[in-house]
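Below, chains carry the letters A, B, ... as their sequence lines are ordered, and counting in each starts from 1. Just so it is clear, the model here is predicted, and its values are computed rather than measured. Note that these values count all heavy atoms, side chains included, but never hydrogens, waters or copies made by symmetry.
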Amino acid sequence: MKIASWNVNSVKARLPLLLDWLKAASPDVVLLQELKCQTDAFPMLEVESAGYNVAVHGQKTYNGVAILSKTPLEDVTTGLPGDDTDVQARYIEAVTQLGDGIVRVASIYLPNGNPVDTEKFPYKLGWMDRLIDHGRDLLALEEPLILGGDYNIIPDDRDAHNPDAWEGDALGRPESRQRFRALVNLGLTDAIRAFSDAPGEYTYWDYQRGAWQHNHGLRIDHLLLSPQAADKLTASGVDRTPRGWERPSDHTPVWCELTEG
DNA sequence: ATGCCGGGCGAAGCCCGA
């Protein structure tokens with residue numbers, strides 16, 4: 001089964017591209033971020049007509065995450081545990097079928113964290129601490145699990161065209177990278193890095209300065225797999241196709257393939 | 001490069017993203 005993650009930068013603005021890409025790539029499960037719409041404004045009929053069950057955690061104007069799956073979605077939960085005062089729609093989790101078993105998936109829109117001298121940066125770091133705590137709980141279930149989404153983290157220098165420019169930025173700061181490593185070190189596998197050590201596996205290109213044309217990108221969208229999922233991992237990649245279409249998102253999908261046996 | 005593009009909101013221009 002193919003599982004993909006895509007920050008669409010407004011699901012309403014991107015609906016034609018989303019439907020075209022669903023048809024072309026035919027992923028079994030899709031994790032979406034930055035819907036920029038409320039739950040009841042999600043284009044449910046169009047996406048269901050494309051063959052998907054849908055779970056949405058929306059919010060007006062900002063954020064918003066969803067899970068699409070060809071098989072039914074169960075045990076849907078919204079919001080990252082650990083802070084009842086956090087109202088930002090950045091986390092949704094559900095269980096769906098994987099062969100004769102199940103896979104648990106989460107769609108994550110991790111806070112950007114800039115500027116770092118504002119409350120936005122500690123919010124990001126606190127959110128990551130909560131994700132580490134929740135990840136630890138989920139791993140204890142010993143299930144196939146995929147924590148996927150826009151992490152807004154450049155894990156390593158090879159994941160940015162000009163890494164020096166991101167040293168002081170919330171995407172590349174040591175505090176951010178340290179927490180990403182702590183999350184991975186719980187026992188998760190970065191699906192892209194399981195198959196490729198190459199630089200330039202970018203998933204995001206700024207709209208400005210011809211970043212796409214010059215391949216000045218970042219690898220900030222990630223699929224992190226539990227051991228039970230990683231044991232089934234057969235392939236992964238970045239699908240650059242929709243980034244080259246008219247009126248694209250600034251992110252492009254990242255995907256992985258799991259055997260159903 | 002103090003966001004140069006693009007989306008939301010709302011009807012001009014500001015907020016936000018990474």
Side-chain angles (χ1 to χ4, degrees), chain A residues 5-19 21 31-43 56-66 86-91 107-125 127-128 131 148-177 179-180 192 199-222 238 240 242-254:
Chain A
S5 174
W6 190 13
N7 177 324
V8 290
N9 186 16
S10 169
V11 73
K12 287 190 222 172
R14 222 62 64 205
L15 186 58
L17 271 71
L18 175 62
L19 296 175
W21 177 75
L31 313 173
L32 297 177
Q33 301 87 36
E34 260 201 293
L35 305 177
K36 293 188 172 179
C37 72
Q38 291 178 311
T39 299
D40 58 10
F42 186 92
V56 181
H57 183 33
Q59 181 180 344
K60 188 179 171 70
T61 310
Y62 305 116
N63 309 317
V65 285
D86 184 2
V87 296
Q88 299 191 29
R90 296 180 175 277
Y91 186 90
S107 180
I108 291 168
Y109 180 44
L110 207 145
N112 175 302
N114 284 306
V116 294
D117 59 351
T118 68
E119 73 289 345
K120 290 173 184 290
F121 191 49
Y123 173 67
K124 174 179 194 153
L125 299 180
W127 207 95
M128 295 190 79
L131 183 59
D150 176 3
Y151 277 78
N152 273 317
I153 297 282
I154 302 162
D156 193 87
D157 281 356
R158 64 191 161 162
D159 298 317
H161 167 257
N162 180 13
D164 292 348
W166 298 92
E167 234 171 68
D169 189 279
L171 278 67
R173 280 278 289 255
E175 300 94 324
S176 308
R177 286 183 167 184
R179 281 168 176 79
F180 186 79
I192 292 296
E201 301 273 15
Y202 304 140
T203 63
Y204 162 88
W205 297 259
D206 198 305
Y207 286 122
Q208 302 174 83
R209 297 180 291 272
W212 166 247
Q213 288 76 10
H214 297 107
N215 194 28
H216 294 175
L218 302 174
R219 191 176 79 93
I220 55 175
D221 300 85
H222 309 297
V238 176
R240 294 192 174 210
R243 186 62 180 82
W245 289 344
E246 288 295 316
R247 212 178 166 204
S249 170
D250 41 5
H251 295 251
T252 210
V254 57

Rounded distance in Å between the P positions of B/dC16 and B/dG10 = 15 Å
task = Would you kindly give the NZ-to-P distance between A/Lys12 and B/dG8, to the nearest whole Å?
result = 7 Å
key: d(CG, A/Asn114; C1', B/dC15) in whole Å   = 15 Å
note = Rounded to whole Å, CG of A/Leu35 lies from P of B/dC9 at a distance of 12 Å
Pairs under 3.5 Å (N/O, protein and nucleotides 2-6 of chain B):
unit_1, atom_1, unit_2, atom_2, d
B/dG3, N2, A/Gln208, NE2, 3.0
B/dG3, N3, A/Gln208, NE2, 2.7
B/dC4, N3, A/Arg209, NH1, 2.9
B/dC4, N4, A/Arg209, NH1, 3.1

key: Identified side-chain hydrogen bond (donor to acceptor under 3.5 Å, both in side chains) counterpart of A/Trp205 within the set A/Asp250, A/Thr252, A/Asn215   = A/Asn215
request  = Find the distance A/Asp164:CG to B/dA1:P and express it as a whole number of Å.
outcome  = 14 Å
request  = Give me the one residue out of A/Asp150, A/Val254, A/Ile153 that meets side chain to side chain contact (heavy atoms under 4.5 Å, CB included) with A/Ile220.
outcome  = A/Asp150
query = Which residue, A/Arg179, A/Arg173, A/Arg177, forms the side-chain hydrogen bond (donor to acceptor under 3.5 Å, both in side chains) with A/Glu175?
reply = A/Arg173
Sugar-phosphate, base or nothing in reach of A/Tyr109, heavy atoms under 4.0 Å = sugar-phosphate
task = State which residues pass ring-ring contact (aromatic ring centres under 6.0 Å, His included) with A/His161; sequence neighbours excluded, sorted by chain then number.
result = A/His216
request  = May I ask you to say what A/Asn7 touches in the nucleic acid, namely base, sugar-phosphate or nothing, with a heavy-atom cut-off under 4.0 Å?
outcome  = sugar-phosphate
query = Can you tell me if A/Lys124 uses its side chain to pair, donor with acceptor, with the backbone of A/Asn152 under 3.5 Å?
reply = yes
Nearest-angstrom distance from the residue atom OH of A/Tyr123 to C1' of B/dG17 = 15 Å
query = If you measure from the C1' atom in B/dA1 to the same atom in B/dA11, how many Å do you get, rounded?
reply = 30 Å
query = Can the ring centres of A/Trp21 and A/Trp245 be said to be less than 6.0 Å apart?
reply = no
query = Considering heavy-atom distances to DNA chain B, does A/Val11 or A/Tyr62 have its closest nucleotide positioned more toward the 5' end?
reply = A/Val11
query = Which value, in whole Å, describes the distance between the P atoms of nucleotides B/dA12 and B/dT2?
reply = 31 Å
key: Between B/dC15 (C1') and A/Gln88 (CD): distance, integer Å   = 14 Å
query = Between A/Trp166 (CH2) and B/dG17 (P), how many Å, whole number?
reply = 13 Å
Among B/dG7, B/dG17, B/dC9, the one nearest A/Ser10 by side-chain distance = B/dG7
query = Expressed as a whole number of Å, how far does the C1' atom of B/dC9 sit from that of B/dC4?
reply = 22 Å
message = Under the rule for salt bridge (charged side-chain N to carboxylate O under 4.0 Å, His left out), what residues qualify as partners of A/Arg219, not counting sequence neighbours?
response = A/Asp159, A/Asp190
Identified side chain to side chain contact (heavy atoms under 4.5 Å, CB included) partner of A/Gln88 from the options A/Tyr62, A/Trp127, A/Tyr123 = A/Tyr123
task = Report the distance from atom CD of A/Glu34 to atom P of B/dC16, rounded to the nearest whole Å.
result = 13 Å
query = Closest nucleotide of DNA chain B for A/Ala13 versus for A/Asp169: which of these residues is on the 5' side?
reply = A/Ala13
task = May I ask you to say what A/Asn63 touches in the nucleic acid, namely base, sugar-phosphate or nothing, with a heavy-atom cut-off under 4.0 Å?
result = nothing
